[in-house]
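A short write-up of the structure that comes next.
Side-chain atoms are counted along with the backbone in the values below, which use heavy atoms only and exclude waters and symmetry mates. Note that this is a predicted model, so its numbers are computed, not measured.
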Amino acid sequence: MTASTPERRYFMFTLDDEGRYVPSKYAFGRWGPDMLNGPAVCAAAAHAVEADHGSPDLVPARITIDLFKAARGEPLVARTRVVRSGHRIRVSEVELSQGDTVVAQATLVALRPSQDPPGQEWHSEHPFDPPTDDSRFRWYGSDDLGWTPVMSEHQNASRKRLWATMIPVIDGVENTPFVTTVMAAEATSLVTNWGSRGIGYINCDLTVAISRLPVGQYIGLQADTHITDAGLSVGTATLFDTRGPIGTGMVTAVSNAAAQIDFSGASDLRTEVSQ
């Protein structure tokens, strides 16, 4: 299987005549039989707000998506609006609902790029060596093992990484770099909260902050922090493309140990897409 194969064969949603996001089987997750996965919901929010309010003159520098209600296997309705539009900043919002229930909402802050300020600055260091083999849809990495394409091999207590290409959000429509970034960044929860017995936290949000859009089809994540207490978790990861770091993902999560997801048997694309 080549990295380009999933983009031809798989997708998260179709758009119906009313513009609703109708989920495919790859939009479903593992928390419940009728629950949409986090990447799908985040990708729908990013797609909708960018489609309505994106601009080639602005960088979508920060999006925060609140996932406060489980999204079921039903069409998602997106409603967007501009909160503020100025010369250097545009703030827009999107609300995703199913029936009368709002399941997620997001705020996008887009900024106009300009020249760097004068003087020397400190920059953080983020060493990251992704796999050079692009024949795989997704690579998993951990300090204990290094890079392999088999998810189950990395169910350990060491630092996690991911190097992946995203399937299309909409059937027949190529993902934009922004949508690809947001969908990939939802794996911040995976690389930070995944331990030796799987994931026992469910993230209730995602914040993605970038200084530039990615180049190429692959996005990488490397866990930076994982701070927990009393069943609450905060995790951050650095986001990468082939040129280097592009930004940061952050999630807050709550314990969901009663429905712990065990990845020890995960190996196929269906499982990988549906985290």
Under the salt bridge (charged side-chain N to carboxylate O under 4.0 Å, His left out) criterion, do D241 and R212 qualify, and how do the steps go? CA-CA 10 Å; D241 65 3; R212 63 175 176 85; 2.7 Å; yes

Cluster overlap I261 with V41, hydrophobic side-chain contacts below 4.5 Å = yes

Check for a donor-acceptor pair, side chain of N37 on one end and backbone N or O of Y26 on the other, with a separation under 3.5 Å.
yes

Rounded to the nearest 0.5 angstrom, the CG-OG distance for L221 and S189 is 11.0 Å

Q105 versus V94: any side-chain heavy-atom pair under 4.5 Å? no

Taking every heavy atom of C42 against every heavy atom of E186, the minimum-distance pair comes out as SG-CG, 3.7 Å

Exercise. Below 4.5 Å, heavy atoms only, C-beta onward: do D205 and V251 meet side chain to side chain?
Worked result: yes

Please determine, by modelled atom types, if T238 and Q222 share a side-chain donor-acceptor pair under 3.5 angstrom.
no

Exercise for the section: Find out if a path of hydrophobic residues (ILVMFWY) with successive side-chain heavy-atom gaps under 4.5 Å connects I89 to L213. Expected result: no

| Has the side chain of T165 got a donor or acceptor atom that lies under 3.5 Å from a matching backbone atom of Q217? | yes

dist H87:NE2 -> D57:CG (nearest 0.5 Å) comes out at 10.0 Å

*asked:* Between L190 and M151, is the side chain to side chain contact (heavy atoms under 4.5 Å, CB included) condition met? List the steps.
replied: CA-CA 11 Å; L190 174 70; M151 186 178 193; 3.9 Å; yes

Under 4.5 Å between any side-chain heavy atoms of L76 and V103, yes or no? yes

**Asked** Can you check whether H47 and Y21 have ring centres sitting under 6.0 Å from each other?
**Response** yes

Practice item. Verify whether one side chain among R62 and T64 offers a donor that lies under 3.5 Å from an acceptor in the other. Key: yes

Can S142 and N156 be counted as having a side-chain donor-acceptor contact under 3.5 angstrom? yes

Inset, instruction - Give the intermediate values and the outcome of side chain to side chain contact (heavy atoms under 4.5 Å, CB included) for residues L36 and Q98. - result: CA-CA 12 Å; L36 301 186; Q98 294 179 320; 4.3 Å; yes

*Residues, nucleotides or ligands: over 12 heavy atoms within 6.0 Å of E121 CD*: yes

* Asked: S124 and H126: side-chain hydrogen bond (donor to acceptor under 3.5 Å, both in side chains), yes or no, with the steps?
  -> CA-CA 7 Å; S124 53; H126 300 276; 2.7 Å; yes

When rounded to the nearest 0.5 Å, the distance separating CG of D66 from CG of L96 is 11.5 Å

Please lay out, stage by stage, how T252 and C204 fare under the test side chain to side chain contact (heavy atoms under 4.5 Å, CB included).
-> CA-CA 6 Å; T252 59; C204 54; 3.3 Å; yes

- Audit row: F263, W194, ring pair (Phe, Tyr, Trp, His ring centres under 6.0 Å) steps and yes/no: CA-CA 9 Å; F263 291 116; W194 186 11; 5.5 Å; yes

### Task
Indicate whether the side chain of S97 and that of R79 have a donor and an acceptor atom separated by less than 3.5 Å.
yes

Between the CZ atom in R161 and the CG atom in D129, the distance rounded to the nearest 0.5 Å is 9.0 Å

d(M35 CE, I202 CD1) to nearest 0.5 Å is 5.5 Å

Smallest heavy-atom separation, P39 atom then M12 atom, equals CB-CE, 4.4 Å

Nearest heavy-atom approach of F128 to L162 is CZ-O, 4.0 Å

Practice prompt. Kindly indicate, with the supporting measurements, whether the criterion side chain to side chain contact (heavy atoms under 4.5 Å, CB included) is fulfilled by Y201 and T192.
Written response: CA-CA 10 Å; Y201 296 91; T192 58; over 6 Å; no

Smallest heavy-atom separation, P214 atom then I219 atom, equals CB-CD1, 3.6 Å

>> I'd like to know if the side chain of T80 pairs up with that of D52 as donor and acceptor (distance under 3.5 Å, no hydrogens or angles considered).
In response: yes

Should R138 and M166 count as side-chain neighbours, where that means a heavy-atom distance under 4.5 Å? yes

More than 12 non-hydrogen atoms from neighbouring residues, nucleotides or ligands closer than 6.0 Å to CZ on R197, yes or no? no

Closest non-hydrogen atoms of I170 and F11, given as atom of the first, atom of the second and distance, are C-CB, 4.3 Å

ask   = Would a 4.5 Å heavy-atom cut-off, applied to side chains only, mark L232 and V254 as touching?
value = yes

For this session: Indicate, with yes or no, if L239 and V215 share a hydrophobic cluster defined by side-chain heavy-atom contacts under 4.5 Å among Ile, Leu, Val, Met, Phe, Trp and Tyr.
Result: no

Should the heavy atoms of other residues, nucleotides or ligands under 6.0 Å from CG of D229 be counted, would the total exceed 12?
no

Between F240 and W163, the two heavy atoms sitting closest are O-CZ3, 4.2 Å

*Between the main-chain N or O of R20 and the side-chain N or O of D16, is there a donor-acceptor pair closer than 3.5 Å?*
yes

*Main-chain N/O of S158 paired with K160 side-chain donor or acceptor, under 3.5 Å*: yes

Salt bridge (charged side-chain N to carboxylate O under 4.0 Å, His left out) filter on E93, not counting sequence neighbours, yields R81

| task | Decide whether Q155 and S196 meet the rule of one side-chain donor and one side-chain acceptor closer than 3.5 Å. | result | no

Does atom CG of D143 have more than 12 heavy-atom neighbours, drawn from other residues, nucleotides or ligands, at distances under 6.0 Å?
yes

**Study point:** No-hydrogen, no-angle side-chain donor-acceptor test under 3.5 Å, T228 and S233
**Key:** no

Cluster overlap F13 with F178, hydrophobic side-chain contacts below 4.5 Å:
yes

**Prompt:** Do T248 and T236 have a side chain donor and acceptor closer than 3.5 Å?
**Reply:** no

d(E50 CD, I63 CD1) to nearest 0.5 Å is 9.0 Å

Under a 4.0 Å threshold between the charged nitrogen and the carboxylate oxygen, would D144 count as salt-bridged to R159?
no

Answer with yes or no whether the hydrophobic clustering places F28 together with Y10; edges join I, L, V, M, F, W, Y residues whose side-chain heavy atoms lie under 4.5 Å apart.
yes

